[in-house]
Structure formats: C-alpha cells, structure tokens
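Treat the numbers as computed from the prediction; the structure is a model and nothing was measured. Counting starts at 1 for both ligands and their atoms, in listed order.
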Amino acid sequence: MKISTLFQQKKALFSFEIFPPKPTADLGGIAATVERLAALAPDYISVTCSAGGSGNSRTQEIAAMVKRAGIEPLAHVTCLHSDRDSLRRTLDGLAEAGIENVLALRGDRIEGREESREFAHASDLVRFIHENGYPFDVAAACYPEGHPESRDLLSDIRNLKIKVDAGVSHLNTQLFFDNEDFFRFRERAALAGIDVPVQAGVMPLVKKNHVDRIISLSGAKIPAKISRMIARFYEKPEALAEAGVAYAIDQMIDLLSAGAQGVHVYVMNNAAVAERIAASVLPVIRGINGE
Ligand code: FAD
C-alpha cells in the first residue's frame, strides 16, 4: 500500500526505521527483529541504505523481508555517489520486489569518493524517479533544526519546497530532542506552502555509543534535560536505557498532543525498545485515529 493512502485514512502514523546488516552478515538476527517489529503492527518500517550505494541490494532484501512480514516497507535510496544507470538498477530492483514507497535522499558525502554530476540534491532524484515513470510514492527528509550544510533556516526551507514540488508525498524529519524546534519548523514549512504530511523522527537514546555517535552525526541540539540524563546515567547502562525510553515516550506524546501527523521511531534494530515504546505510544495513536 502507498503511504500517502495511509495518510488519507489516518490522522497520525506510527513507524520504525531499521538498518540492514553488513553485506556479509547472516540474516537471522534482522529476520527476528523484523518479526518482532511486525508484531507491533506499525504503519510501515523504513530501511536505510548506505550513501555509497554499496548496501542498496541489502536494503532491497530487508525491505522485501518487511513486506513478507505483512508490513509496508519504505526503502531509502541515496544519489550523491550514484549515476543514472546504477540508480535505474536500484529502482528497478525495488519495483520488481513489489516495493511501493521510497525515501529519496542525497546521502552524506563519502570522503575521496567521486560525486555525481547528475544528482547534486535529493530533488534531482525525486525528479528522476517521476520522469522515468516509476510507480513509487516518494518520501523525503527534512531538518527541524536546519540541514547542517544550509546557509540559514530560510534557504533550507526554500530548498525543501523545491524538493516537495518535485513530487514528494510526505516528509520524515531528522531526529531532534527539543519539540519546540519541530513546532517552529512546522510553521516555517506551512508559510513556505509545504502542505504534505510531516512525520516527526524520534530517537530513544538508550546506549552510550548512541549518545556519542548519533549526537555528533546528526548535529542535534541537546536540551538541558538530556544533558543531565546523559551525565547522570552514562556509565549505568540499565538506568540510561530506562531514562532514554521514558524521554522518547514523553517527547512523542507531546508531539502527538500538538497535532503531529505521526512519529517515526529510530529504533536502531532494537526490538525490545520498540516494544516498550509501542506499549505507551500506540494506544495514544489509536485514540487519535478513532480506532
Ligand atoms: P537534500 O534535500 O539534497 O539537502 C541537502 C542540502 O542541500 C541542504 O542543505 C539543502 O538546503 C541543500 N539543497 C537542497 N536542494 C537544493 C537546491 N536545489 N539548491 C541549493 N541547495 C539545495 N543518509 C544515508 O546515507 N542513508 C540513509 O538511509 C539515510 N536516511 C535518512 C533518513 C532521514 C529521515 C533523514 C533526515 C536523513 C537520512 N540520511 C541518510 C542522511 C541524509 O542523507 C543527509 O542528511 C544528507 O546530508 C542530506 O540528504 P537530503 O536528502 O536531505 O538532501
């Protein structure tokens, strides 16, 4: 099913993001994770891909696994280090696997790797997908705190408008920890005439390596409440996991209370965390949707 159809049927969606295992890794672990996530009946599960394009076959494989588990997959596709032929192969493969939804991304720069002359921005990929007649619903990324490379928030939102106008049916945000950033972003987007649904991306900080890696990679601003949590529980794994899940649930309930059209949970392949979050957030989503 197309995710745009789900947005027509529901006021708020609930979804997870997972990443594929390394090309040589066994599929047993991810298969068990997908099964546990599918049992929670999210609206869809998105599957990341490597910016270099090398992991794209695994993205397709895991997206197909999600589909077999009875959940709609959203397959990520990056373009910055790809050419038209390799993108056609990726998109043909996804279409043949019965995937109906893709998240079109530029991807992060890989040092030393040649950049595409044809695909400088995600909007180029969105256009390419539609111009070549692929039947996908195309989603894209957005940044409540602004993309790290953008000059300012205004130029970032203008560029987002170009991307959405190229044929994007919904947006998923970068993770953020301060909901006020999301609320301000939503206002800027509305003023710019961006009227597609925006799902808020939330990452539960449950492991200290996530704390270090994710915060530096995403560039997300750290509110005082999170700094205190990290400082207090950094060396206490169980306490950090509990505190991180509690913060994420609180953040999602506030987003949904303020009318967010859904939450997309960066679960980092951790089914136990997804189950804890679903137990608290799904009843709220069902209430919003009148189910
Ligand atoms: P773009 O939309 O192209 O924007 C990138 C920058 O270019 C921005 O500063 C923007 O303002 C500017 N820009 C855009 N269009 C124009 C224009 N026409 N003219 C001038 N400037 C312009 N990375 C991966 O490698 N694999 C993944 O699976 C993955 N999944 C992600 C999922 C989500 C929900 C998010 C938020 C990010 C994900 N990323 C992933 C990271 C993403 O690839 C990077 O953040 C990347 O730097 C930007 O990608 P984009 O698609 O947002 O780029």
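Taking CE of M268 as the reference point, atom CG of L205 lies at 10.0 Å (rounded to 0.5 Å). Rounded to the nearest 0.5 angstrom, D137 CG and E72 CD are separated by 9.5 Å. To the nearest 0.5 Å, the span separating CD1 on I194 from CG on L160 amounts to 4.0 Å. In this structure, NZ on K67 lies 6.0 Å from CD1 on I99, to the nearest 0.5 angstrom. Rounding to the nearest 0.5 angstrom, the gap separating the CZ atom in F128 from the CG atom in L91 is 6.5 Å. Rounded to the nearest 0.5 angstrom, T33 OG1 and L27 CG are separated by 11.0 Å.
Protein heavy atom nearest atom 10 (C) of ligand 1, with residue, atom name and distance: D156 OD1, 3.6 Å. At the top of the distance list for atom 51 (O) of ligand 1, counting protein heavy atoms only, stands R106 N, 2.8 Å. Ranking the protein heavy atoms by distance from atom 9 (O) of ligand 1 puts H147 ND1, 3.0 Å first. Nearest non-hydrogen protein atom to atom 41 (C) of ligand 1 is D108 OD2, 4.0 Å. Among protein heavy atoms, atom 29 (C) of ligand 1 sits closest to L105 CD1, 3.3 Å. For atom 49 (O) of ligand 1, the closest heavy atom belonging to the protein is Y143 OH, 3.5 Å. Distance from atom 36 (C) of ligand 1 to its nearest protein heavy atom, with residue and atom name: A141 CB, 3.4 Å. For atom 30 (N) of ligand 1, the closest heavy atom belonging to the protein is H76 ND1, 3.1 Å.
Only the side chain of K163 comes within contact range of ligand 1, with a heavy atom under 4.0 Å; no backbone atom does. Residue contacts with ligand 1 for H121 involve both N, CA, C or O and side-chain atoms from C-beta outward (heavy atoms, distance under 4.0 Å).
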**Message:** Evaluate E291 against K11 for salt bridge (Lys or Arg N to Asp or Glu O under 4.0 Å), listing each step before the verdict.
**Reply:** CA-CA 11 Å; E291 290 167 355; K11 292 194 176 105; over 6 Å; no
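Taking the six-membered ring where the residue is Trp, H264 and Y266 present perpendicular rings, their angle passing 60° and hence far from 30°.
Note that atom 4 (O) of ligand 1 has no protein non-hydrogen atoms nearby, at separations under 4.0 angstrom.
For ligand 1, the polar-atom distance check finds no N/O of S50 at less than 3.5 Å from any of the ligand's N/O atoms. For a threshold of 3.5 Å applied to N or O pairs, the pair formed by A122 and ligand 1 contains at least one separation below that value. Residue-to-ligand polar distances place G107 within reach of ligand 1: an N/O pair is separated by less than 3.5 Å. Considering backbone and side-chain atoms alike, S155 places every N or O at 3.5 Å or more from each N or O of ligand 1.
Listed by number with element, the atoms of ligand 1 under 4.0 Å from a non-hydrogen atom of T78 are 24 (C), 25 (O), 26 (N). The T48 neighbourhood of ligand 1 comprises atoms 28 (O), with distances under 4.0 Å to a heavy atom of that residue. Atom numbering of ligand 1 starts at 1 in the shown order; those under 4.0 Å from a heavy atom of Q174 are 36 (C). Using a 4.0 Å cut-off to heavy atoms of N172, the atoms of ligand 1 that qualify are 34 (C).
Every residue meeting the salt bridge (charged side-chain N to carboxylate O under 4.0 Å, His left out) condition with K225, not counting sequence neighbours, appears here in chain and number order: D250.
Ligand 1 lies out of reach of F119, whose nearest heavy atom is not under 4.0 Å from it. Remark: distances from the non-hydrogen atoms of L103 to ligand 1 include one below 4.0 Å.
Residue pairs meeting the salt bridge (Lys or Arg N to Asp or Glu O under 4.0 Å) criterion with at least one partner in residues 191-213, sequence neighbours excluded, are K208-E235.
The heavy-atom pair separating L13 from I285 by the smallest distance is O-CD1, 3.7 Å.
If you check the side chains of S4 and H170, you find no donor sitting under 3.5 Å from an acceptor.
With D152, L160, N159 as candidates, the residue nearest to atom 21 (N) of ligand 1 on a non-hydrogen basis is N159.
When the side chains of ILVMFWY residues are joined at heavy-atom separations under 4.5 Å, either directly or via intervening members, V126 and I162 end up in two distinct hydrophobic clusters.
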